[in-house]
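Worth knowing before you read on, the calculation uses all heavy atoms, side chains too, and leaves out hydrogens, waters and symmetry mates.
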Amino acid sequence: MSQVDYKEYIEVNAEIRFGKPVIKGTHITVYDVLQWLASGMSHEEIINDFPQLSENEILVCLAYAANKERRIK
């Protein structure tokens, strides 16, 4: 599995959502996406509710979180 270049999809800007990682071009945080998935929403439901997101961006959020977890340990 190749390394994802998060900078293509995720940005951190102190002016947007208090500097939390967000999907570029949105105010949707990585945490938001992870929380929706954890609550049982499917990728399709998330995209229907937030059409500015793509399947790939949802997967990038998961990969971003997995990478953060890997680096913490």
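Identified under the salt bridge (charged side-chain N to carboxylate O under 4.0 Å, His left out) test for residues 46-55, with sequence neighbours left out: none. Within the structure, every pair that satisfies the side chain to side chain donor-acceptor pair (under 3.5 Å) test and touches residues 16-29, not counting sequence neighbours, is listed here: R17-D32, T29-D32. Pairs of residues two or more places apart, or lying in two chains, that qualify as ring pair (Phe, Tyr, Trp, His ring centres under 6.0 Å) and include a residue from residues 34-57 are W36-F50.
Taking both residues in full, the closest heavy atoms of P21 and V12 are given as CA-CG2, 3.9 Å, listed atom of the first, atom of the second, then distance. The two residues I46 and V33 come nearest to each other via the heavy atoms CD1-O, 4.4 Å. Here the closest heavy-atom approach between residue C61 and residue I23 is recorded as SG-CD1, 3.4 Å.
A distance of 10.0 Å separates CD1 in I10 from CG in D5, rounded to the nearest 0.5 Å. The distance from the CG atom of L34 to the OG atom of S39 is 11.0 Å, given to the nearest 0.5 Å.
Not counting sequence neighbours, the partners of N56 by the side chain to side chain donor-acceptor pair (under 3.5 Å) test are Y9. Here Y6 pairs with Y64 under the ring-ring contact (aromatic ring centres under 6.0 Å, His included) rule; sequence neighbours left out. E15 pairs by the side-chain contact (heavy atoms from CB on, under 4.5 Å) definition with N13, not counting sequence neighbours. Residues satisfying the side chain to side chain donor-acceptor pair (under 3.5 Å) criterion with Q35, sequence neighbours excluded, are Y31.
Placement of I28 and V60 within a single hydrophobic cluster is found when ILVMFWY residues are connected by side-chain heavy-atom separations under 4.5 Å, directly or transitively.
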